[in-house]
Number of protein chains: 2
Amino acid sequence: MHSISEENYIKAIYHLQGGKALVSTNEIAGRMNTKASSVTDMLKKLADKNLAEYVPYKGARLTDKGVLCANQIIRKHRLWEVFLVEKLDFSWDEVHEVAEQLEHIQSQKLIDQIDKHLGFPKKDPHGDPIPDRHGNYEKTNKTVLSKLKKGDKGTLIGLIDSSKNFLKYLDKQHMKLGTHIEIVDFEEFDLSYTIKVNGAELQISKLISDNLYIKLN
Amino acid sequence: MHSISEENYIKAIYHLQGGKALVSTNEIAGRMNTKASSVTDMLKKLADKNLAEYVPYKGARLTDKGVLCANQIIRKHRLWEVFLVEKLDFSWDEVHEVAEQLEHIQSQKLIDQIDKHLGFPKKDPHGDPIPDRHGNYEKTNKTVLSKLKKGDKGTLIGLIDSSKNFLKYLDKQHMKLGTHIEIVDFEEFDLSYTIKVNGAELQISKLISDNLYIKLN
DNA sequence: CTAAATTTTTAGACAAGACTAAAAATTAAT
DNA sequence: ATTAATTTTTAGTCTTGTCTAAAAATTTAG
């Protein structure tokens with residue numbers, strides 16, 4: 001249907017879109033480690049295929065067709081991540097690269113059977129929601145830890161950054177999805193937090209607190 | 001490491017090699033649904049990479065390095081086939097196309113964990129042996145059914161042709177790997193056999209008998 | 001053993017996707 | 001409101017892998 005390269009651009013635009021009306025050429029190039037000129041070429045192609053709207057010099061946005069396509073790719077990526085962790089004993093910092101390859105395998109039956117085999121999971125190992133066949137997924141109420149105040153209590157349910165180093169840091173602190181967290185103190189000077197995790201107190205920097213999603217009790 | 005295209009050529013040469021000293025350009029082109037000129041180009045590239053020896057106008061043969069590479073691809077292909085059948089309820093005529101894609105996923109850990117997850121199977125769903133990490137595999141004594149004589153008894157342990165239509169024919173006759181077979185009669189005129197399978201007698205043509213591997217009791 | 005048929009290779013072209021360098025458009029700044 | 005800085009696009013090139021058509025080599029036949 002679509003080439004691997006096209007799929008990777010669709011995914012990048014989807015992730016960069018957020019609230020914005022248009023995603024710029026440079027943003028896409030940055031995320032994909034490619035050059036702006038290559039992005040321009042691809043945006044024209046995606047527009048031809050009605051997967052994106054492209055406004056020269058302004059940027060691009062996925063069409064409904066493009067969004068659906070992105071959701072299918074993300075569905076595959078996240079289901080494969082669950083598979084790798086649950087069935088093949090991968091750790092959560094090892095799954096991304098392999099899932100980047102597996103997400104491009106073309107077989108509707110394959111992905112639906114994987115879904116079934118895993119018991120139709122709703123979340124991937126990093127707490128991100130898994131779209132169903134139709135592109136729908138559960139939105140959960142979540143707050144970035146850096147928005148919390150002293151005394152707030154909640155559960156770690158997701159990550160913003162999912163880079164290897166961040167995941168390894170969390171492992172080192174014995175923090176994983178479902179871990180209970182309590183805000184013990186907040187330091188105005190460097191915006192760091194003291195939190196209680198697994199019964200012990202832990203200092204976390206602003207950067208860390210900006211990358212943890214908490215569900216308040 | 002190697003491109004998907006390179007891997008597909010390596011696999012094709014491996015499968016065509018058999019006893020022959022050299023596999024011809026046209027044979028490769030035929031098996032891969034490509035043109036002879038494309039094959040020539042690729043053979044030069046494989047020779048540059050020391051994956052094949054290429055003798056212009058004569059053909060090519062895999063080097064030891066090429067054979068090892070072929071075995072790794074075949075290992076991946078066959079393990080994925082077992083996975084699809086055992087874990088995801090695919091039928092044996094559905095697995096090939098998907099495995100053709102999955103065999104190119106690059107991750108040593110992935111394939112070793114799949115192997116472990118499946119309990120280190122020795123045979124794929126069509127009875128073909130699965131090489132281990134080092135490229136070694138079990139060779140079993142097998143005889144093509146068309147070599148058997150009246151009264152011979154044995155077990156179906158493998159197939160030569162594994163095309164969809166042949167697999168569906170076998171399903172229709174309730175024949176699968178492990179099915180016990182007895183030669184009831186042989187007809188000199190059209191070289192057809194009468195065999196006893198699952199307690200019932202069945203006529204099979206020469207073509208069928210040429211594509212079944214039997215292990216004699 | 002030469003001529004015909006076949007196979008293989010070469011030469012040149014094309015498509016996808018990426019890159020560089022330069023031009024054009026947009027945005028920011030004085 | 002011009003100039004300066006930045007972003008984006010265009011134009012042209014490169015690589016991988018493919019193709020067609022023509023040339024060269026090999027094999028087969030008479």
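Bear in mind that the values here come from a model prediction, so they are computed numbers and not experimental data. Below, chain A is the first sequence line, B the second, and so on; all start at residue 1.
- Under a 4.0 Å N-O distance rule, the pair Lys109(B)/Glu97(A) does not qualify as a salt bridge.
- For Ile28(B) and dT9(C), the CD1 to P distance is 9 Å, given to the nearest whole Å.
- If you check every strand for non-hydrogen atoms under 4.0 Å, Ser5(A) touches sugar and phosphate atoms only.
- Residues Lys215(A) and Asn141(A) are not in side-chain contact: their nearest non-hydrogen atoms beyond the backbone lie 4.5 Å or more apart.
- Contact between the side-chain N/O atoms of Tyr54(A) and the OP1/OP2 oxygens of dT8(D) is not found at any separation under 4.0 Å.
- Ionic pairing of Lys58(B) and Glu53(B) is not present here: no N-O contact between side-chain nitrogen and carboxylate oxygen is shorter than 4.0 angstrom.
- In terms of phosphate contacts, Thr40(A) brings a side-chain nitrogen or oxygen within less than 4.0 Å of OP1 or OP2 of dT9(D).
- Atoms CG (Leu43(B)) and C1' (dT8(C)) sit 11 Å apart, rounded to a whole Å.
- To the nearest angstrom, C1' of dA5(D) lies 16 Å from OH of Tyr57(A).
- The residue among Pro56(A) and Met42(A) whose nearest nucleotide of DNA chain C is located toward the 5' end is Met42(A).
- When each of Glu27(B) and Thr34(A) is assigned the nucleotide of DNA chain C bearing its nearest heavy atom, the one mapping closer to the 5' terminus is Glu27(B).
- One atom, CG of Asn26(A), and another, P of dA5(D), lie 18 Å apart when rounded to the nearest Å.
- dT16(D) atom P lies 16 Å from atom CD of Glu7(B), rounded to whole Å.
- By the 4.5 Å heavy-atom criterion applied to side chains, Tyr193(B) and Ile208(B) are not counted as neighbours.
- The shortest distance between the side-chain N/O atoms of Thr25(A) and the OP1/OP2 oxygens of dT9(D) is below 4.0 Å.
- The NZ atom of Lys58(B) sits 11 Å away from the P atom of dT9(C) (whole-angstrom rounding).
- For dT9(C), neither phosphate oxygen OP1 nor OP2 lies less than 4.0 angstrom from any side-chain nitrogen or oxygen of Lys44(B).
- In this structure, Ser37(A) does not reach the dT20(C) phosphate: none of its side-chain N or O atoms is under 4.0 Å from OP1 or OP2.
- When rounded to the nearest whole Å, the span between NZ of Lys35(A) and P of dT9(D) equals 16 Å.
- Of the inter-residue distances, the one linking His2(A) atom NE2 with Leu46(A) atom CG reads 9.0 Å to the nearest 0.5 angstrom.
- One can place CG of Asp41(B) at 17 Å from P of dC14(C), the figure rounded to the nearest angstrom.
- The side chain of Ser24(A) places an N or O atom within less than 4.0 Å of a non-bridging phosphate oxygen (OP1 or OP2) of dT8(D).
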